[in-house]
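Report on the following structure.
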Amino acid sequence: MGIKVYNSLTKKKEEFLPLEPYGVKMYVCGPTVYDLSHIGHARSAIAFDVIYRYLKYRGYDVTYTRNYTDVDDKIIERAQREGTSTEEVSERYIKAYDEDMAALGVSLPTHRPRATETIPEMIEAIEGLIEKGYAYVVDGDVYYSVRKFQGYGKLSGKNIEELEAGARVEVDERKKDPLDFALWKKSKQGEPWWESPWGRGRPGWHIECSAMCIKYLGETIDIHGGGKDLIFPHHENEIAQSEALTGKPFARYWLHNGFVNIEKEKMSKSLGNILTIRDALKLHTPESIRLFVLSSHYRSPVEYSHSTLKEAEAKAERFYRTLLRIKEEFPQTLEAKLPEERLAERLKPFLDAMDDDFNTAHTIGLMFEEVSRANKLLDSASGRTPEETKEELSAIVSVFGELSRILGVFERSPEAYFTNLKSHAPIPVEEINALIKEREEARKRRDYARADAIRDELKEKGIILEDTPEGTRWFVR
RNA sequence: GGCGGCGUACCCAAGUGGCUAAGGGGGCAGUCUGCAAAACUGCUAUUCAGCGGUUCGAAUCCGCUCGCCGCCUCCA
């Protein structure tokens with residue numbers, strides 16, 4: 001059985017069969033770089049990162065392109081407000097985006113083109129559309145004739161008559177039809193511009209993605225992704241432009257991720273309920289953010305809240321604690337390599353879940369069943385020899401290793417994970433160690449009242465003490 | 001108004017025709033412990049928003065009703 005994906009174009013789950021048997025071409029709409037990215041951007045990037053990782057894991061040679069839209073009304077607006085250049089604004093936020101993505105463990109796509117580096121290709125595409133009669137020039141602007149394209153609305157399920165009736169489209173006398181959209185915009189005073197056959201101007205948003213997609217991946221690609229909100233008009237327009245130009249199907253599978261909601265509402269700038277990735281990283285570990293995102297299906301909405309993130313943190317802690325136990329009690333298992341056949345057999349249920357439209361939530365659920373099993377093995381020998389226990393734990397650890405790479409979670413050593421948490425302790429480590437020492441002395445004196453008082457005091461600050469035969473250790477919560 | 005989606009326990013969340021309705025968080029009880037913490041064990045949905053229908057059989061398919069959300073304007 002192969003991979004099945006939900007295709008927004010057909011509104012069905014379909015078997016994934018790329019155009020070339022072993023190569024996959026994948027394009028995802030990246031950010032417009034006019035401000036810091038929020039958790040919604042993080043979700044999209046993480047979801048497609050896992051899809052990218054999984055397809056590679058499944059043996060496909062994936063070419064993944066994710067663009068930066070670095071010329072746009074909002075960038076211009078911001079630059080003017082700040083009295084700086086659009087280049088400076090976009091440069092700043094590209095850098096910020098890259099940093100955020102790296103912090104979240106999002107792997108780098110094969111290509112990361114900027115719209116401004118693809119202007120000649122955009123002009124060429126627009127010329128092609130004019131030649132074929134799909135576009136027209138009005139006083140330095142170029143518009144796309146939506147009605148000329150048969151099948152407009154096939155992705156979003158909209159029909160032209162109803163869109164017209166809705167009349168929420170921008171009013172512009174120069175357009176022949178209110179539905180038409182700009183391919184090229186004549187530049188106003190103080191705006192960035194490029195020379196073109198229609199005079200100085202800049203590209204429209206939709207043509208950017210079409211041009212970059214065709215340039216880096218070709219006329220027909222396998223997967224085109226983005227947030228659900230891009231379905232209309234952005235992706236609908238991309239289809240119209242690209243297919244009118246090439247006469248070929250643009251993308252075979254359209255994948256759209258759901259939103260991150262805050263208090264039941266979509267997180268968005270206009271609603272003013274955004275949480276930037278940076279601010280989120282001040283509150284939570286990157287691991288818990290990834291786990292939060294991947295614990296539900298990529299198409300479903302997720303609710304961001306303190307408690308949902310805390311639950312993700314608890315998951316991470318449970319996982320790493322178990323790994324730590326395994327490492328302490330059976331250190332050899334961490335390096336164990338399972339024979340390929342046995343590994344494949346153990347991995348099957350997990351990969352079946354991933355094959356089913358990248359069901360990371362199910363996969364993670366299954367991983368926690370293994371966590372329980374590992375703990376049971378560690379708790380009781382019950383008729384097993386130590387050798388058998390070691391074997392079994394090695395198998396579990398090997399499975400975890402594979403899945404960690406696919407999901408981009410639990411990739412660190414447990415020590416690194418807990419050390420990182422400790423670095424965020426609310427009081428200095430020396431102070432904690434001193435209190436632990438004092439408590440140990442109290443315990444030796446059997447002064448349990450004092451010992452418990454110290455433990456309670458630390459607990460209040462989020463520091464959990466744990467007495468083991470080897471002494472007391474601590475965790476941050 | 002048009003289009004799309006969702007409603008599974010106290011909370012988050014898998015499951016989309018048939019073995020015990022995954023998993024995590026929380027709660028309660030127990031084992032362990034000086035007491036805890038962690039881990040483990042048991043309990044916490046005879047039932048999947050409601051009502052009808054199809055079927056030998058439905059959380060899963062169909063219809064209706066109620067509630068929530070998104071897109072139709074820039075938006076991941």
Side-chain angles (χ1 to χ4, degrees), chain A residues 8 11 13 28-32 34 37-48 72-74 77 153 156-159 161-163 165-170 205 225-234 236 256-261 264-271 274 291-292 295-303 305 307-319 321-322 324-325 349 353 356 359-372 374-380 443 446-449 451-452 455-456 459 464-469 472-475 477:
Chain A
S8 305
K11 291 167 185 68
K13 221 185 262 184
V28 174
C29 291
T32 298
Y34 72 102
S37 296
H38 57 66
I39 292 293
H41 297 105
R43 184 187 193 188
S44 184
I46 291 168
F48 287 103
D72 165 270
D73 291 352
K74 285 187 173 149
E77 211 175 280
S156 57
K158 311 211 175 292
N159 74 61
E161 309 318 316
E162 274 157 9
L163 283 170
R168 285 181 73 186
V169 277
E170 87 190 70
W205 177 37
K228 272 190 158 82
D229 47 0
L230 296 184
I231 293 173
F232 189 88
H234 186 53
E236 197 66 64
H256 292 101
N257 66 273
F259 302 131
V260 176
N261 292 162
K264 287 259 171 199
E265 273 183 326
K266 174 185 171 183
M267 185 185 291
S268 80
K269 281 229 124 168
S270 40
L271 287 168
I274 63 152
L291 215 41
F292 159 68
S295 289
S296 23
H297 188 91
Y298 76 90
R299 282 191 287 115
S300 316
V302 291
E303 176 74 21
S305 70
S307 71
T308 53
L309 263 288
K310 277 287 162 201
E311 282 177 22
E313 258 157 44
K315 275 187 194 179
E317 177 172 333
R318 177 164 162 82
F319 187 90
R321 269 191 184 264
T322 304
L324 189 63
R325 274 190 85 185
D356 182 16
N359 196 337
T360 54
H362 192 196
T363 305
I364 290 169
L366 294 173
M367 284 177 88
F368 278 95
E369 287 184 23
E370 296 294 299
V371 166
S372 287
N375 278 313
K376 276 175 215 168
L377 290 165
L378 291 161
D379 266 12
S380 131
R443 288 181 74 208
R446 299 185 152 257
D447 180 1
Y448 293 123
D452 292 352
R455 190 170 60 200
D456 291 345
K459 191 179 178 182
I464 306 299
L465 296 192
E466 203 173 298
D467 298 326
T468 75
T472 300
R473 62 181 178 187
W474 59 281
F475 296 90
R477 184 155 309 149

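Naming convention: chains lettered A, B, ... in sequence-line order (proteins, then strands); numbering from 1 in each chain.
Counting non-hydrogen atoms under 4.0 angstrom, A/S307 reaches nothing in the nucleic acid. Counting any heavy atom pair closer than 4.0 Å across all strands shown, A/I231 reaches no nucleic acid atom.
Residues A/H362 and A/P349 fail the side-chain proximity criterion, which asks for heavy atoms closer than 4.5 Å.
Under 4.0 angstrom from either OP1 or OP2 of B/rG2 there lies no side-chain N or O belonging to A/S156. Close to B/rG24, at under 4.0 Å from its OP1 or OP2, lies a side-chain N or O of A/R318. Under 4.0 angstrom from either OP1 or OP2 of B/rA14 there lies no side-chain N or O belonging to A/H362. A close approach under 4.0 Å does not occur between any side-chain nitrogen or oxygen of A/R455 and OP1 or OP2 of B/rG34. Remark: A/T322 is not in phosphate contact with B/rA38, judged by side-chain N or O atoms under 4.0 Å from OP1 or OP2.
A distance-only check finds a donor-acceptor pair linking the side chain of A/E303 to the backbone of A/K264 [under 3.5 Å]. A donor-acceptor pair under 3.5 Å links the side-chain atoms of A/K228 to the main chain of A/R299, judged by distance alone.
With B/rC71, B/rA37, B/rC12 as the choices, the nucleotide that has an atom nearest any side-chain atom of A/K266 turns out to be B/rC71.
Comparing B/rG42 with B/rG34, their P atoms sit 25 Å apart, to the nearest whole Å.
Annotated stems with RNA chain B as a participant read B:1-7 with B:66-72, B:10-12 with B:23-25, B:26-31 with B:39-44, B:49-53 with B:61-65, given as range with range, by first number; only runs of 3 or more Watson-Crick or G-U pairs under 3.5 Å qualify.
Under a 4.0 Å N-O distance rule, the pair A/D379/A/K376 does not qualify as a salt bridge.
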